[in-house]
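Please read the structure below before turning to the comments.
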Protein chains: 2
Amino acid sequence: MAKEMLRQGGRSARIQEAVHRSVRDLLATTDRSEMTVPMIAEKSGVTPSTIYRRWGDLSDLLADVALARMRPIADPDDTGAMASDLEAFVVDYAEEMSSSVGRQMISDVLNSSVEASAFQCCQFTQQHLQTLRDRALARGEAAFDIDRIMDRVIAPIMYHILFRDRDVAPDYCRGLVAECLSDNG
Amino acid sequence: MAKEMLRQGGRSARIQEAVHRSVRDLLATTDRSEMTVPMIAEKSGVTPSTIYRRWGDLSDLLADVALARMRPIADPDDTGAMASDLEAFVVDYAEEMSSSVGRQMISDVLNSSVEASAFQCCQFTQQHLQTLRDRALARGEAAFDIDRIMDRVIAPIMYHILFRDRDVAPDYCRGLVAECLSDNG
DNA sequence: TCCCTTAACGCAAATTATTAGCGTTAGGGA
DNA sequence: TCCCTAACGCTAATAATTTGCGTTAAGGGA
């Protein structure tokens with residue numbers, strides 16, 4: 001979306017920043033169903049037509065903001081061993097994603113008409129897993145298969161968050177990790 | 001949504017049927033992003049305000065229609081054995097859900113502001129699994145754990161459909177089932 | 001069967017969101 | 001520094017949504 005802009009600096013960037021900030025602020029206080037483009041525009045000090053032209057519609061704007069928030073900034077904690085690294089990461093992931101803002105971000109990303117958004121979102125997760133995997137290999141530990149973790153650990157957590165059919169409590173997450181690592185796939 | 005109506009018969013039911021039909025027809029020919037309430041209203045022979053008042057907004061209407069389409073009508077095929085029953089069901093499930101209309105239905109249900117919609121949707125899946133489980137028990141076969149199938153088979157399939165990070169081809173689905181049944185959980 | 005109550009509807013006016021045209025501003029390369 | 005034009009602001013259409021109010025028709029009770 002805002003990635004392949006022809007002009008990246010100056011005014012354009014300032015507006016993007018202002019709009020993103022406004023969206024984040026509004027998401028914290030306002031229910032998504034009562035958020036409107038004119039509302040965001042006013043808070044950002046731009047005209048609505050600017051937002052419509054640049055992002056298309058509210059869904060795409062929200063997806064853009066959500067994806068920006070999900071983009072990795074720091075590596076997962078290094079706990080000293082692969083199993084505990086993985087456990088810590090997954091528990092954190094579940095907690096963040098199942099929170100109110102986390103849910104909102106996921107839903108925004110999945111609703112984007114930009115087909116690549118959802119894919120990129122799961123790439124971020126895989127990137128983190130790759131970091132943990134590299135770290136394990138560097139330690140001389142047995143590596144794990146990323147796709148396997150996605151299927152056995154991440155997918156069920158995401159499913160329960162989306163369909164609201166159970167809590168993704170730390171114990172449950174740890175169980176998923178343990179079971180996945182113990183089964184010799 | 002349309003479940004706890006105070007009046008269930010006559011005109012009200014006719015309108016619900018007409019609106020549902022219109023939505024289904026439109027979904028087949030029109031892209032969701034260009035579907036509007038007035039459009040549906042005209043096709044159904046009702047005024048837009050009727051739809052707004054009854055369903056709230058387009059998202060909730062679409063979720064209502066999607067949920068109605070997902071509601072089980074027939075039991076899964078009986079193939080004679082638990083493993084093949086499960087395999088057949090899962091492959092079918094993946095094919096239906098990953099289709100264009102399937103994706104649309106999932107997304108509509110997940111977007112509903114009615115919190116229970118998503119939960120009910122996954123209840124439908126569990127109902128089918130329960131049928132297969134009962135059938136297995138009646139045959140004297142070893143039963144499977146429904147939650148386990150949800151986590152190990154359904155969840156990954158759903159994840160890949162939603163995040164578009166891989167195809168849920170029959171072979172992949174069969175692999176998930178096989179691996180889940182072979183690991184003694 | 002025939003009222004009576006009121007949920008659900010239709011219509012239309014008011015409000016609000018979205019789109020489109022056109023002139024203006026300000027990146028960024030020559 | 002100048003020029004080109006992407007990106008913006010403003011405003012006038014257009015379209016969607018909300019709201020008030022009168023009307024229709026379920027569904028229960030006499």
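In this text the structure is predicted, and so the values were computed from the model without any measurement. Letters A, B, ... are given to chains in the order of the sequence lines, protein chains preceding strands, and every chain is numbered from 1.
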Identify which nucleotide among [options] has an atom closest to any side-chain atom of [X], counting heavy atoms from C-beta outward.
| X | options | value |
| --- | --- | --- |
| A:Ile15 | C:dC11, D:dC8, C:dC9 | D:dC8 |
| B:Arg53 | C:dC11, C:dA8, D:dC8 | C:dC11 |
| A:Arg11 | C:dC9, C:dT25, D:dC10 | C:dT25 |

To the nearest Å, give me how far apart [atom1] ([X]) and [atom2] ([N]) are.
| X | N | atom1 | atom2 | answer |
| --- | --- | --- | --- | --- |
| B:Leu61 | D:dA16 | CG | C1' | 15 Å |
| B:Gln16 | D:dA25 | CD | P | 19 Å |
| B:Leu58 | C:dA17 | CG | C1' | 15 Å |
| B:Ile51 | D:dT19 | CD1 | C1' | 17 Å |
| A:Arg14 | C:dA26 | CZ | C1' | 9 Å |
| A:Asp57 | C:dA20 | CG | P | 13 Å |

message: For D:dC10, does the base pair up with any side-chain atom of A:Ser49 as donor and acceptor (N or O, under 3.5 Å, distance only)?
response: yes
CZ/A:Arg21: more than 12 non-hydrogen atoms of other groups inside 6.0 Å: no
message: When you measure from the side-chain N and O atoms of A:Thr50 to the phosphate of D:dC8, is any distance below 4.0 Å, counting only OP1 and OP2?
response: no
- request: Over all heavy atoms of both residues, which pair between A:Leu137 and A:Ala143 is shortest? Give the atoms and the distance, please.
  value: CD2-CB, 3.5 Å
task: Not counting sequence neighbours, which residues clear ring pair (Phe, Tyr, Trp, His ring centres under 6.0 Å) with B:Phe119? List them please.
output: none
- prompt: Is there a residue in residues 31-44 of chain B whose heavy atoms reach under 4.0 Å of DNA chain C, and which residues are they?
  reply: none
field: Aromatic ring proximity A:Tyr93/A:His128, centre distance under 6.0 Å
entry: no
field: Atom pair CD1/CG of A:Ile149 and A:Leu132 - distance to nearest 0.5 Å
entry: 9.0 Å
A:Glu141 CD to A:Arg135 CZ distance, which is reported to the nearest 0.5 Å: 10.5 Å
- prompt: So, A:Asp77 and A:Thr79: side-chain donor and acceptor under 3.5 Å apart, yes or no?
  reply: no
